[in-house]
Asks: 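The structure is given below, and queries will be raised subsequently.
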Amino acid sequence: RHIEVRPRPGGGLTHASARHKTPYGVAECAWTIAGGQIELKVVVPPNAGATVTLPGSDAAPVEVRSGRHEWRYAYVDPDARPPLTPDSTVGEILLNREAWTTVTTTMSRFMPGFAVDTAILASYSDVPLRQVLTNLPNGAAATDAIGEALAGTASLPRDEAETR
């Protein structure tokens with residue numbers, strides 16, 4: 001007589017739906033993400049109730065009775081990864097091969113003859129890249145160029161970063 005509804009958006013999906021035939025009738029759940037909003041629709045069969053957890057929300061689960069229920073609210077993906085920037089730590093950038101290649105290539109362009117030593121930079125893993133570049137020749141210009149080049153490069157999820 002009681003259903004738990006806990007949609008888990010993720011994996012790049014923008015919508016999903018499910019139907020389940022219960023002894024009381026059909027239970028349904030569907031969600032769509034568009035324009036920074038999520039729309040969640042739940043159908044609870046007659047003579048049943050449900051606890052609905054709203055994905056991407058800090059709200060407490062909602063108790064509902066039989067019938068059709070809809071929610072629409074701003075959605076923030078809890079698994080979204082922040083973009084890398086010159087203010088990211090050297091360690092965060094080192095974990096992303098694409099980002100690290102971008103940084104070293106850009107540094108070489110702005111600091112010809114300067115040998116980028118990964119081992120030495122790795123010793124600054126907890127320091128923001130911007131701070132490391134500040135004292136180097138053309139550091140400000142390199143920092144700006146690195147910021148532009150890193151735009152859109154996301155940090156790795158913690159569990160993936162730990163396996164590298």
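Just so you know, residue 1 is the first one in the sequence shown, and it goes up from there.
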Asks: Can you list the steps and then say if Leu54 with Val62 is a side chain to side chain contact (heavy atoms under 4.5 Å, CB included)?
Replies: CA-CA 8 Å; Leu54 302 175; Val62 180; 4.2 Å; yes

Asks: Ile146 vs Leu133, test: side chain to side chain contact (heavy atoms under 4.5 Å, CB included). Steps then yes/no.
Replies: CA-CA 10 Å; Ile146 288 169; Leu133 296 175; 3.7 Å; yes

Asks: Rounded to the nearest 0.5 Å, what separation is found between the CD1 atom of Ile93 and the OG1 atom of Thr102?
Replies: 9.5 Å

Asks: Return the OG1 to CD distance between Thr85 and Glu92, rounded to the nearest 0.5 Å.
Replies: 8.5 Å

Asks: CH2/Trp71 to CD1/Ile38 distance, rounded to the nearest 0.5 angstrom?
Replies: 11.5 Å

Asks: Should Glu63 and His2 count as side-chain neighbours, where that means a heavy-atom distance under 4.5 Å?
Replies: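 Side-chain contact under 4.5 Å: yes.
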
Asks: Starting from the C-alpha separation in whole Å, work towards a yes-or-no answer on side chain to side chain contact (heavy atoms under 4.5 Å, CB included) for Arg1 and Asn47.
Replies: CA-CA 7 Å; Arg1 290 184 179 254; Asn47 300 316; 4.1 Å; yes

Asks: Check the pair Arg68 / Lys41 against side chain to side chain contact (heavy atoms under 4.5 Å, CB included), numbers first and verdict last.
Replies: CA-CA 7 Å; Arg68 295 181 181 278; Lys41 296 179 181 181; over 6 Å; no

Asks: What is the distance from atom CG of Leu136 to atom CZ of Phe110, rounded to the nearest 0.5 Å?
Replies: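 Reported to 0.5 Å precision, the distance equals 13.5 Å.
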
Asks: Answer yes or no: does atom CZ of Arg8 have more than 12 heavy-atom neighbours from other residues, nucleotides or ligands under 6.0 Å?
Replies: no

Asks: Find out whether Tyr24 and Ser66 are in side-chain contact, i.e. whether some heavy atom of one side chain is under 4.5 Å from a heavy atom of the other.
Replies: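 They are not in side-chain contact.
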
Asks: Check for me, please, whether Ile33 and Val76 land in the same ILVMFWY cluster - side-chain distances under 4.5 Å, paths through other members count.
Replies: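 Different clusters: Ile33 never reaches Val76 through Ile, Leu, Val, Met, Phe, Trp or Tyr contacts under 4.5 Å.
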
